Amino acid sequence: MAIGYLNIQTRTAHDALPISGVQIRITDFQGNSIYQLTTDQNGETQTVPLETLDKSFSQNQYYSGLPYKSYNVLAQAAGFNSLFISDIPIFDGETASLPLLLIPMQEIQRNPILTEIPIGKPAVAAQGPRQQEGSVVSPYVLRQVVIPNPITVHLGTPSSSAANVQVSFPDYVKNVASSEIYPTWPAASLTANIYAIITFALNRIFTEWYKSRGYNFDITNSTAYDQAFVYGRPIYDSISRIVDQIFNQYVKRQGQNAPYFTSFCNGTTATCQGLSQWGTVTLANQGMTPLQILRSYYPKDIEIAETNTITNVLSSYPGTLLKVGSAGLDVQTIQTYLNRIRQNYPAIPAITDETGSFQNSTKAAVTKFQSIFNLAPDGIVGKSTWYKLSSLYTAVTRLAELNSEGTTLGIGTVPPDSMLRQGSKGQDVITLQYLLNVISEYYPNVPPLAQDGIFGSGTKQSVSAFQQTMRLTPDGIVGPLTWNALYEVYLGINQNVPSPGPGGGFFQYTVKSGDTLWLLAKRFGTTVDAIKRLNGLTSDMLSIGQVLKIPEG
């Protein structure tokens, strides 16, 4: 029997905070329990082997069955809503990394809500006709090719009322590739498909295909119009490694700047004028390079270009590898990033090298960072590691700034009684915008916004997204129901999300025979009520083996 692998990562706030002590249960398609795991201080489980089918089935376009076995994952943690990820494909020889975004419980919530995310088969195995339309000619085009960071994805057809989510561009590409094709395909085939995926998305950005039509997103996850994207799905290592190397490269025609419109389909159940996904496998097996494969489907004068214009990054990649022996301001920059990130990820070792000098302790810190975030753990800072460091540093510092700002604003526990709508101004608008910005760190479909005290279109968009999430009328007007919901979510975040740092603000403790809440409170120098609040307990009853968060005294 062939073997694939699965590891699970539980983090929140755009990866700024790992969630330790999450109870993970892996089951097969019949519901039989295969593994019971607990996440560590990095929010990770160990990588576990799972039986599946031989990779030859996923490399044969004529095989009529599903070329893998599927598994389910249930994640439960005190103070957070639960997640059930179903129908996860596991492939022979492939490691699937499953990111779990756990949502904090609201203040008044007593029991966790269970959300199910079905993964299902990749688009290449279940594809209907595609109606992809696009162009590089449009009155609404950017002056240069830009990597959007983040990219806004609409989780439905363009005209549907589905939610939007924002993800980093490399994570988006990894998700799409894992949702579209099989990770067991030859490297040249995977690379050609990933170039097509990257370029398709950048064409949508460059031509402002949706923004110019009045939509508030960059691309959809509908395969009829764009390309597959399943929020919350696992990412396969073979795909992840390629994306890390080429996420800022794209296909264009010689003499032109615009990303070419790289339409594609599976080439079996659906045919099109563009790239055949299954056809790339045949051409790769014939020894063709990724560019040769692409030129088999697109114009012969296409070439691979690169852009280093990436939005919302603190500093651009310097263009040269940083490794043992490197020195200067760029080394100092990554040391600053790592030293701050390790406050939230204490498994990253301290850097003792001289500032600006890349020696052994810097290499050790880089290597651990890379292993935590699914990068090649070589201790060398290349393009992918640089941008991931920059992204994480931005996330952890933004979260710290928001926490500090909340103290300054004095939010309190009682909502304002004002009625706010577009055009409103003043202190209550600042409070509203602050609450929405905090919530956007934990709810991916609530967009962040500028905190300027003016209720403009961006604030209305964020309010409407929050209301939709809370199943309130999404009218963009903040009245009593919306104010109450905002405070319940915000106070729930403060109550249930662990503080960053070596202790995380609490201890993990497994209940033993004879334990009571009173004894635990006395032992750890806290109160019974504090333990109950942190764990969402409604009674004093404990069970042996139960994992509790104990507040640090």
Side-chain angles (χ1 to χ4, degrees), residues 8-13 17-27 31 33-46 73-84 100-115 343-347 403 406-407 411-414 442 487-553:
I8 295 154
Q9 302 150 349
T10 53
R11 296 166 188 149
T12 190
L17 288 175
I19 307 175
S20 62
V22 180
Q23 301 300 301
I24 303 292
R25 183 178 178 224
I26 301 175
T27 58
S33 183
I34 308 298
Y35 292 103
Q36 297 273 1
L37 307 169
T38 304
T39 58
D40 62 16
Q41 64 178 336
N42 297 319
E44 288 186 295
T45 66
Q46 65 196 84
V73 168
L74 174 65
Q76 298 173 304
F80 289 83
N81 289 316
S82 303
L83 267 181
F84 183 67
L100 297 181
L101 176 63
L102 299 184
I103 303 296
M105 292 169 60
Q106 298 179 40
E107 185 193 34
I108 62 170
Q109 191 178 336
R110 292 293 169 258
N111 297 303
I113 297 169
L114 178 65
T115 299
Q343 293 181 34
N344 295 37
Y345 287 86
N403 291 338
T407 302
I411 296 297
T413 59
V414 179
Y442 303 93
Y487 268 72
E488 288 164 5
V489 171
Y490 172 74
L491 294 174
I493 290 169
N494 286 344
Q495 173 180 295
N496 295 310
V497 175
S499 301
F506 60 85
F507 299 98
Q508 295 287 342
Y509 180 80
T510 302
V511 175
K512 301 177 177 59
S513 177
D515 282 339
T516 66
L517 283 175
W518 182 83
L519 288 173
L520 292 177
K522 184 177 180 181
R523 183 185 310 169
F524 289 100
T526 184
T527 66
V528 169
D529 285 342
I531 297 175
K532 291 174 74 172
R533 281 197 308 271
L534 187 58
N535 293 277
L537 300 177
T538 56
S539 74
D540 292 344
M541 299 298 294
L542 298 176
S543 57
I544 297 174
Q546 181 179 1
V547 177
L548 293 177
K549 295 178 180 178
I550 308 295
E552 293 180 351

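Throughout, residue positions are numbered sequentially from 1 according to the sequence presented. Computed from a predicted structure; not experimentally measured.
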Tell me if a side-chain donor or acceptor on [X] pairs with a main-chain N or O of [Y] at a distance below 3.5 Å.
| X | Y | answer |
| --- | --- | --- |
| T27 | S33 | no |
| Y487 | I411 | yes |
| T10 | G43 | yes |

With a 4.5 Å cut-off on side-chain heavy atoms, are [Y] and [X] touching?
| X | Y | answer |
| --- | --- | --- |
| Q495 | L491 | no |
| D40 | Q46 | no |
| T516 | D540 | no |
| I103 | I113 | no |
| N81 | T115 | no |
| L101 | T12 | yes |
| R11 | I19 | no |
| T39 | L100 | no |

Grab the two heavy atoms, one from [X] and one from [Y], that are nearest each other, plus how far apart they are.
| X | Y | result |
| --- | --- | --- |
| P112 | M105 | N-CE, 3.9 Å |
| P498 | L17 | O-CD1, 3.8 Å |
| S82 | Q76 | OG-CG, 3.6 Å |
| G21 | T38 | CA-CG2, 3.7 Å |
| Q41 | P18 | O-CG, 3.4 Å |
| A347 | N42 | CB-OD1, 3.3 Å |

Worksheet, complete the sentence: Rounding to 0.5 Å, atoms OG1 (T45) and CD1 (I24) come to a distance of 6.5 Å

Worksheet item: At what distance, to the nearest 0.5 angstrom, does CG of L83 lie from CG of L74?
Response: 9.0 Å

